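Heads up: the structure comes next, in structure tokens.
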Protein chains: 4
Amino acid sequence: MLNRVVLVGRLTRDPELRYTPNGVAVANFTLAVNRPFTNQQGDREADFINIVVWRRQAENAANFLKKGSLAGVDGRVQTRSYENNQGQKVFVTEVMAESVQFLEPKNGGQGGGNFGGPSRDNNDYQGQNQNRNQNQGRKSDFSNFDDDPFASDGKPIDISDDDLPF
Amino acid sequence: MLNRVVLVGRLTRDPELRYTPNGVAVANFTLAVNRPFTNQQGDREADFINIVVWRRQAENAANFLKKGSLAGVDGRVQTRSYENNQGQKVFVTEVMAESVQFLEPKNGGQGGGNFGGPSRDNNDYQGQNQNRNQNQGRKSDFSNFDDDPFASDGKPIDISDDDLPF
Amino acid sequence: MLNRVVLVGRLTRDPELRYTPNGVAVANFTLAVNRPFTNQQGDREADFINIVVWRRQAENAANFLKKGSLAGVDGRVQTRSYENNQGQKVFVTEVMAESVQFLEPKNGGQGGGNFGGPSRDNNDYQGQNQNRNQNQGRKSDFSNFDDDPFASDGKPIDISDDDLPF
Amino acid sequence: MLNRVVLVGRLTRDPELRYTPNGVAVANFTLAVNRPFTNQQGDREADFINIVVWRRQAENAANFLKKGSLAGVDGRVQTRSYENNQGQKVFVTEVMAESVQFLEPKNGGQGGGNFGGPSRDNNDYQGQNQNRNQNQGRKSDFSNFDDDPFASDGKPIDISDDDLPF
DNA sequence: TTTT
DNA sequence: TTTT
């Protein structure tokens, strides 16, 4: 069933990176998303939405995002519950990010790096594209960067899993 | 900042309709949205997402949706907090629905009624469309229904606020 | 960069299924999505949005959807261009569906079957879920169907790739 | 019926601002949205998506966005057709933006201004919020940056129609 | 506290 | 006809 969320906001704190017993990376952070309207007192409020990311993207988030970073998230709303130390059931609603976009420019550059997206799917998608885009020939040229995924000239960079040194 | 959620799922209970002291209608319900994947035990889980709707749409939801109804929601993620009777701060994340779509067929019909969308905006949008669509002339012909908003021939129907008898 | 579309509408024609030279399935169909407002003449118009689906989901679409079916789509907006027989460049905008949801009830049932979602990812997601949901234990039970993926009792069914007999 | 698009990308040219005979502002621009995957040649392609905005937001777009600007769009997919000078029917698919977010930082600032959202609705929403958020009182505190589009007291700023000097 |  |  359809379940889709897209958010753009700022991290309220540095991402927390952890590993499951099986060694899978998970990162948590909170996105403050300003509301497009003001409340009765004329103040602009924000929603504070908890984000969870897994695997490579969790590590990317931990490496590239920090408190205050502007980020975009594309994912799903998920709910779970647990019992707290008082034995009460606590219900949690959070966003499971399938892709995280880094929107903060670096070094006065024009910003807009992006990481995330399915890693294994990559090949599937390429296969698809190979067929659909044969008449297209339009490409963007994010060329010539090596180890440092953020070029010093401030150009926007899309960081796919394959480009990253981890 | 961008904050958009789209869900399709089933109501876990009848909507609860209330009125604020100022007489504004608010409805609450929970949408069970089945996950597209199964867990390690091979079970398909669901997310249980709390929805809030306001005003006319709240009343429409109360009138047209019930436990088990298939519904679509387009809205925003919102968070708030309150203090419970033990003096603990409880954080709540819910979806403020801007439009609710009724996806349950009625009377063996082919379903797909839709209500919601901005009521006041309607005129604005019409003004826009009047200009943009002058070359279009394509319309959908879900015609000829009168009082019963769900035509007996099972044709899909969009129920705008203006069509509804309240 | 973020690119997300979610649609619910009805097929204007049966899906067209084709195969690329490499044997990859592609299906095309058009979704008529009624606008939530009426035009100046009081008519409700619709948008006719071209959808492309790949691989297993293309075959599912061809098998389970037909003209008039109510369907949901979660995907991306894509553009491409080609040269027509008059040598003119034609620009095309369509939606590449990543998941397609079947919203048409069968046999007077309460509808809401869903197919699609990443096939290979399935395992990744399960791995994730195995960790996140250990306190959850909530499951939905789509049990006991065999060859015909649509149970005769009209229960809603999520058709994952693995469940399908192809 | 559900129809929702969210995009983040860069303008390929300055927005074109026009006025209808009735004096309603309309702006058009194209958003280049880089794909999250590379094609078979290893090139990263982009989708070039045409955006239409109306009224105040059209004027805001014309004033605040230019070729190369990073922008977010929340809107609907719309289709229309017209007859070209050769008498051929041309089909057009574009995104009608309901809100446009300015994501380009100004003068090395921390970026993320946002304009758009319904103007008339503002009051409606406030009325709603007045009731829902009485327990909230949380505001976001992105403090200590000055340069301009961000107020000196560090308050987060969404540029709503009312705040703008036109 | 969960739907089909 | 495309952005960074």
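Heavy atoms only: backbone and side chains are in, while hydrogens, waters and symmetry mates are out. These numbers come from a predicted model, not from an experiment.
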Partner residues of A/N85 under the side chain to side chain contact (heavy atoms under 4.5 Å, CB included) criterion, sequence neighbours left out: none
Whole-Å gap separating C1' (E/dT3) and CZ (B/R13): 11 Å
Residue D/K67, side-chain heavy atoms: nucleotide from E/dT2, F/dT3, F/dT1 that is nearest: F/dT3
Integer-rounded Å distance: F/dT4 C1' and D/L70 CG: 9 Å
Spacing of D/D14 atom CG relative to F/dT3 atom P, expressed in whole Å: 12 Å
Residues in side chain to side chain contact (heavy atoms under 4.5 Å, CB included) contact with B/A27, at least two apart in sequence or another chain: B/L17, B/V53, B/A58
B/R10 CZ - E/dT2 C1' separation (whole Å): 14 Å
Nearest-angstrom distance from the residue atom CZ of B/F48 to P of E/dT3: 7 Å
Interatomic distance, D/L65 CG vs F/dT4 P [rounded to whole Å]: 14 Å
Separation of E/dT2 P from A/M1 CE (nearest whole Å): 17 Å
From E/dT2, F/dT3, E/dT4, nucleotide with atom closest to D/T12 side chain: F/dT3
d(CG, C/L103; C1', E/dT4) in whole Å: 13 Å
Exercise: do B/D43 and B/T38 side chains pair donor with acceptor under 3.5 Å: no
Test item: B/D47 side-chain N/O and B/I49 main-chain N/O as donor-acceptor pair under 3.5 Å: no
